[in-house]
Q: 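If you scroll down you'll find the structure; I have some questions about it.
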Number of protein chains: 2
Amino acid sequence: MKVLKGDCMNLDDRKKKILSSVVEDYISSAEPVGSKTLVDKYHLEYSSATIRNEMKLLEEEGFLEQPHISAGRIPSTKGYRYYVDNLMKEQKLSMVDISYIDNSITGFGDTEKLLEQAADVISKILLRPTVLTLKQQDLLENIKIVKVSDKLLLIIILSQNGTVKDCFAKLTDVVQDQIIDELTEVLNQSLVGTPLENLSLVLNNVIAKELNNFSFVLDKICESIKYEMEKDCKKLNANVETILDLPEFSDAEKAKNFVNMISTKEIIDDTIEKAISNDLGIIIGSESKEVMLKDCSIISLDIQKNKKHIGKISVISPKRLDYSKTISTLKYINSKFKNLLLNDKEEGG
Amino acid sequence: MKVLKGDCMNLDDRKKKILSSVVEDYISSAEPVGSKTLVDKYHLEYSSATIRNEMKLLEEEGFLEQPHISAGRIPSTKGYRYYVDNLMKEQKLSMVDISYIDNSITGFGDTEKLLEQAADVISKILLRPTVLTLKQQDLLENIKIVKVSDKLLLIIILSQNGTVKDCFAKLTDVVQDQIIDELTEVLNQSLVGTPLENLSLVLNNVIAKELNNFSFVLDKICESIKYEMEKDCKKLNANVETILDLPEFSDAEKAKNFVNMISTKEIIDDTIEKAISNDLGIIIGSESKEVMLKDCSIISLDIQKNKKHIGKISVISPKRLDYSKTISTLKYINSKFKNLLLNDKEEGG
DNA sequence: GTTAGCACTCATAACATGAAAGTGCTAAAA
DNA sequence: TTTTAGCACTTTCATGTTATGAGTGCTAAC
């Protein structure tokens with residue numbers, strides 16, 4: 001981004017009013033905004049000629065762009081940024097949205113389900129796809145083994161972040177209840193506090209060292225856990241199809257490119273990683289180094305539990321999006337999570 | 001569908017060859033197939049004029065259609081049906097596909113996860129969206145309650161079909177291990193064999209009748225289970241975005257309509273319900289009464305466990321799809337499930 | 001400093017044109 | 001009788017042309 005002469009970030013009231021109107025009109029209409037539109041729709045008390053002059057200056061200073069010489073103006077990345085930082089009024093969520101969120105995010109599931117629900121809800125309210133990035137550094141809280149039938153065990157892995165994973169182990173021989181109880185105890189003694197991604201490694205050591213006599217059960221359990229842990233649970237795209245409603249993607253080819261792009265781990269992961277500052281991160285267009293994102297914005301919410309961050313929910317959209325509503329929605333979700341996740345372990349420390 | 005004169009379903013060899021070539025060429029090219037193309041590409045030993053005559057007859061008998069007078073032919077619903085029933089050669093899956101399936105469907109998760117994996121894998125191999133319909137009539141196998149911390153319980157609900165659901169109950173007071181054990185026993189005694197959808201109803205009765213003294217715990221558990229059971233777990237669209245690659249949806253508006261359509265429960269549910277006969281159901285275009293599906297085909301696989309059917313995986317596509325590969329893939333998946341699901345309870349009876 | 005007025009630019013839509021693809025039909029060939 | 005070569009015909013698609021309209025920048029007057 002180029003830095004312009006010092007005064008450029010200090011717009012006078014009229015310029016602010018015009019910039020703000022252009023941004024808001026373009027956000028809702030997706031059409032370049034002309035001087036006449038501004039006078040008619042936004043009742044600015046200047047003539048269209050004056051506004052044209054001002055818009056020309058705003059363009060020279062980099063806040064607005066013109067798709068072609070005889071078109072109206074659209075906000076540039078810098079324009080959006082100025083709007084978000086200085087002009088935008090925080091929006092109250094409608095009762096409809098609030099009640100939809102409240103009814104959808106209930107807190108009965110585990111943390112991962114909760115985050116998935118939230119990603120889905122956000123996507124439905126904002127009509128944009130969301131990406132859920134789970135923090136993988138999570139420690140084992142507890143392992144339970146449930147005997148479903150003589151040869152089938154259900155293994156439940158509870159993490160300190162509150163995620164529950166379960167998988168089956170199919171045995172070749174019948175196993176007695178007592179063995180399972182013992183095994184559970186030994187496993188918990190050896191494994192509690194282990195990072196989940198090391199679980200199968202440490203398990204191997206445990207088997208080798210002290211649990212040789214249980215190996216016919218343990219091998220199967222180990223195999224199951226290993227598989228479950230290696231599964232790629234880092235990302236999830238919710239409601240990609242929402243983009244089909246946007247005029248930006250009236251061409252299916254563009255829609256396809258967008259979908260491919262947001263499915264490319266590296267692009268999104270890298271960008272989101274850098275996005276966060278103080279719960280909420282906003283990256284607009286070319287502020288991201290990634291060229292493929294130059295026309296997109298990413299608004300990311302960092303979700304914390306016990307002061308450790310456990311995941312991020314990111315809204316991915318063309319630059320043209322309702323920043324105000326997006327931010328309000330994410331903030332509301334965040335406040336909800338603060339309540340939902342805190343209560344889990346008040347007593348735990 | 002109109003029924004034509006008796007002999008029409010008995011095509012001579014040349015007509016079969018031509019029909020088959022038209023279908024296969026159109027499936028792979030998505031362009032109307034002309035007589036010259038057939039001669040050049042498929043080395044039919046007749047001149048283009050002969051083939052034109054035959055195609056005209058095939059059209060009169062309803063097997064082919066012509067988008068406009070100077071275009072090539074495309075298969076009609078009846079043409080596809082004849083192809084599927086009489087002409088199509090069963091395709092062997094490629095090693096790549098087989099190994100992808102084998103590596104993706106492992107059997108470590110519960111039945112629901114397994115079905116989700118399968119729906120996803122099928123969608124990725126066939127490049128079409130899939131819909132998973134879970135049979136909701138499922139009986140309780142077992143409930144386990146795990147104490148996560150003094151005031152937080154994890155409830156694990158195991159169904160006879162092999163699905164695991166878990167949810168948390170947050171208590172207002174500390175609860176002792178012994179109470180949980182007792183409670184678990186009582187709950188299992190009262191609830192095993194209950195249809196999952198009645199669970200909260202029966203739970204209410206249990207509370208009312210005999211478990212008044214546990215109510216401070218049980219109320220919370222009940223609330224959690226109720227929520228978990230009422231959640232709509234009937235359907236899931238995997239990889240809707242795959243349709244963006246199809247020329248049928250080069251117009252984003254059409255893509256949007258398709259996505260909306262397959263998100264409409266009633267349309268899909270009703271159609272799929274009727275689709276199955278003997279594991280595999282194939283509904284082509286206007287064979288479905290639903291007008292919105294007139295250009296789509298649905299290939300449905302019925303998945304069984306212990307001779308009860310537990311869910312369906314359905315491929316939804318424009319009529320133009322590789323029926324042979326689709327059917328081979330679904331059959332292979334089915335054979336895999338036969339193994340995976342049988343072993344679960346060999347001993348259960 | 002503001003605004004009316006006007007010439008100018010460019011996108012878009014409507015229409016015309018020509019080439020390409022593919023047909024159906026006829027008459028000759030097998 | 002069946003097959004095929006040849007040709008007139010139809011329609012789509014891409015291209016080119018033109019007219020319209022939205023919106024601008026600039027100038028001169030207020």
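Please read these numbers as outputs of a predicted model, since none were measured by experiment. Chain letters run A, B, ... following the sequence lines, proteins first, then strands; residues in each count from 1.
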Q: Base, sugar-phosphate or nothing for A:K36? Non-hydrogen atoms, less than 4.0 Å.
A: nothing
Q: Could you tell me how far apart A:L64 (CG) and D:dG25 (P) are, to the nearest whole angstrom?
A: 11 Å
Q: Can we call the ring centroids of B:Y80 and B:Y323 under 6.0 Å apart?
A: yes
Q: Over how many whole Å does the gap from A:L58 atom CG to D:dG23 atom P extend?
A: 18 Å
Q: Assess, by modelled atom type and distance only, whether the side chains of A:T77 and A:K319 contain a donor and an acceptor separated by less than 3.5 Å.
A: yes
Q: Return the value, rounded to whole Å, for the distance between atom OH of B:Y26 and atom P of C:dG22.
A: 14 Å
Q: Heavy atoms under 4.0 Å is the rule here; annotate nucleotides 2-20 of chain D 5' to 3' with B where the base is hit, S where only the sugar-phosphate is, and - elsewhere.
A: -SBBB---BBS--------
Q: Determine whether a donor-acceptor pair (N or O, by modelled atom type, separation under 3.5 Å) exists between the side chain of B:T264 and the backbone of B:I267.
A: no
Q: Taking CD from A:E31 and P from D:dT24, how many angstroms apart are they, rounded to a whole number?
A: 13 Å
Q: Measure CE/A:M55 against C1'/D:dG25 and give the value in whole Å, please.
A: 11 Å
Q: Identify, with sequence neighbours excluded, every residue that meets salt bridge (charged side-chain N to carboxylate O under 4.0 Å, His left out) alongside A:D40.
A: A:K36
Q: Do NZ/NE/NH1/NH2 and the carboxylate oxygens of B:E248 and B:R320 come within less than 4.0 Å?
A: yes
Q: Atom NZ of A:K56 to atom P of C:dC8: distance rounded to whole Å?
A: 17 Å
Q: To the nearest Å, give me how far apart NZ (A:K15) and P (C:dG1) are.
A: 11 Å
Q: Under the rule for side-chain hydrogen bond (donor to acceptor under 3.5 Å, both in side chains), what residues qualify as partners of A:T37, not counting sequence neighbours?
A: none
Q: Let me know the distance between CG of A:L57 and C1' of C:dT2, rounded to the nearest Å.
A: 14 Å
